[in-house]
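Below: the structure, in structure tokens.
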Amino acid sequence: MKRIAIFASGNGSNAENIIRYFRRHNDTCAEVVLVVSNNPEAKVVQRGKALGVDTAVMSRQEINDPGKILPLLQNHAVDFIVLAGFLLMVPAFLIARFNQRIINIHPSLLPRFGGKGMFGSHVHRAVVEAGASETGITIHHVSEKYDEGQIIFQASTPLSPADTPADVERKVHELERLHFPRIIAEAISR
Ligand code: GRF
């Protein structure tokens, strides 16, 4: 059984969907054993607890401290890290330790609408302002360069000129709900 830690900073709808997926599909040989958040107020913390998953809140300093984060991951025997709306940079020592075993989801078709400052609603607003005819999701390995790791999977959805940022967000969340857990399962079993 491969053991997944999810890092998240916000609402956690993806985290919940992933936890439930691996419980339903016990043939995928993976389970979520830990949720890590840098934000004590984040809904993802409540969701993790409600689902009976060990949940840790750590400050940015603690996440950047090998003496704090590595023992936590080791105590949970974590094999694989999934970033699901995690707003901090992953420290280089963690990327090196979990080489090719950290994946992120970005709510656009990278390289479009990626990079610094492009997270959450900023992305969807930029997509609408650019008059894009489609958007989507990108699931990628995490490298030391923001949003530039090797792409594993993309899915797109058409947009209409009338779509607001909230509409775009809804469409993107639907793609995330449909694809993210399955792509994690494939990436883990590779
Ligand atoms: C998702 O849109 C994800 O692509 C992005 O942050 C959002 C997190 O949503 N990285 P949630 O917290 O999982 O609801």
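In each ligand, atom 1 is the first atom listed, and ligand 1 is the first ligand listed. Atom set for the values below is all heavy atoms of this structure, side chains included, hydrogens, waters and symmetry mates excluded.
- Distances from ligand 1 to the non-hydrogen atoms of G120 include no value under 4.0 Å.
- Hydrophobic clustering (side-chain heavy atoms under 4.5 Å, transitive across Ile, Leu, Val, Met, Phe, Trp, Tyr) keeps L178 apart from F180.
- Not a single N or O atom of V172, backbone or side chain, sits closer than 3.5 Å to an N or O atom of ligand 1.
- Partner of F98 under the side-chain contact (heavy atoms from CB on, under 4.5 Å) criterion, out of D79, I81, V142, I103: I81 alone.
- Where the criterion is an N or O separation shorter than 3.5 Å, residue side chain and backbone included, N14 meets it with respect to ligand 1.
- The residues D163 and K171 are annotated as salt-bridged, a charged nitrogen and a carboxylate oxygen being separated by less than 4.0 angstrom.
- Of all protein heavy atoms, the one lying nearest to atom 12 (O) of ligand 1 is G12 N, 2.7 Å.
- Ring geometry for F153 versus H179: interplanar angle of 30 to 60°, hence tilted.
- Distances between N or O atoms of S13 and those of ligand 1 include at least one value under 3.5 Å.
- Contacts of E169 with ligand 1, taken as heavy-atom pairs under 4.0 Å, are absent altogether.
- Counting protein heavy atoms only, atom 9 (O) of ligand 1 is closest to H173 NE2, 3.4 Å.
- Annotation: I105 places an N or O atom under 3.5 Å from an N or O atom of ligand 1; distance criterion only.
- Annotation: R101, atom CZ; neighbour count of heavy atoms from other residues, nucleotides and ligands within 6.0 Å is above 12.
- A salt bridge links E186 with R182: the closest approach of a Lys/Arg side-chain nitrogen to an acidic carboxylate oxygen falls below 4.0 angstrom.
- For atom 6 (O) of ligand 1, the closest non-hydrogen atom on the protein side is G85 CA, 3.4 Å.
- With hydrophobic clusters built from ILVMFWY side chains whose heavy atoms lie under 4.5 angstrom apart, V32 does not share a cluster with M1.
- Ring-plane geometry between H25 and Y21 is classed as parallel, the angle between the planes falling under 30 degrees on a 0 to 90 degree scale with a further cut at 60.
- Across E176, H106, R177, heavy-atom proximity to atom 1 (C) of ligand 1 is greatest for E176.
- The N11 neighbourhood of ligand 1 comprises atoms 12 (O), 14 (O), with distances under 4.0 Å to a heavy atom of that residue.
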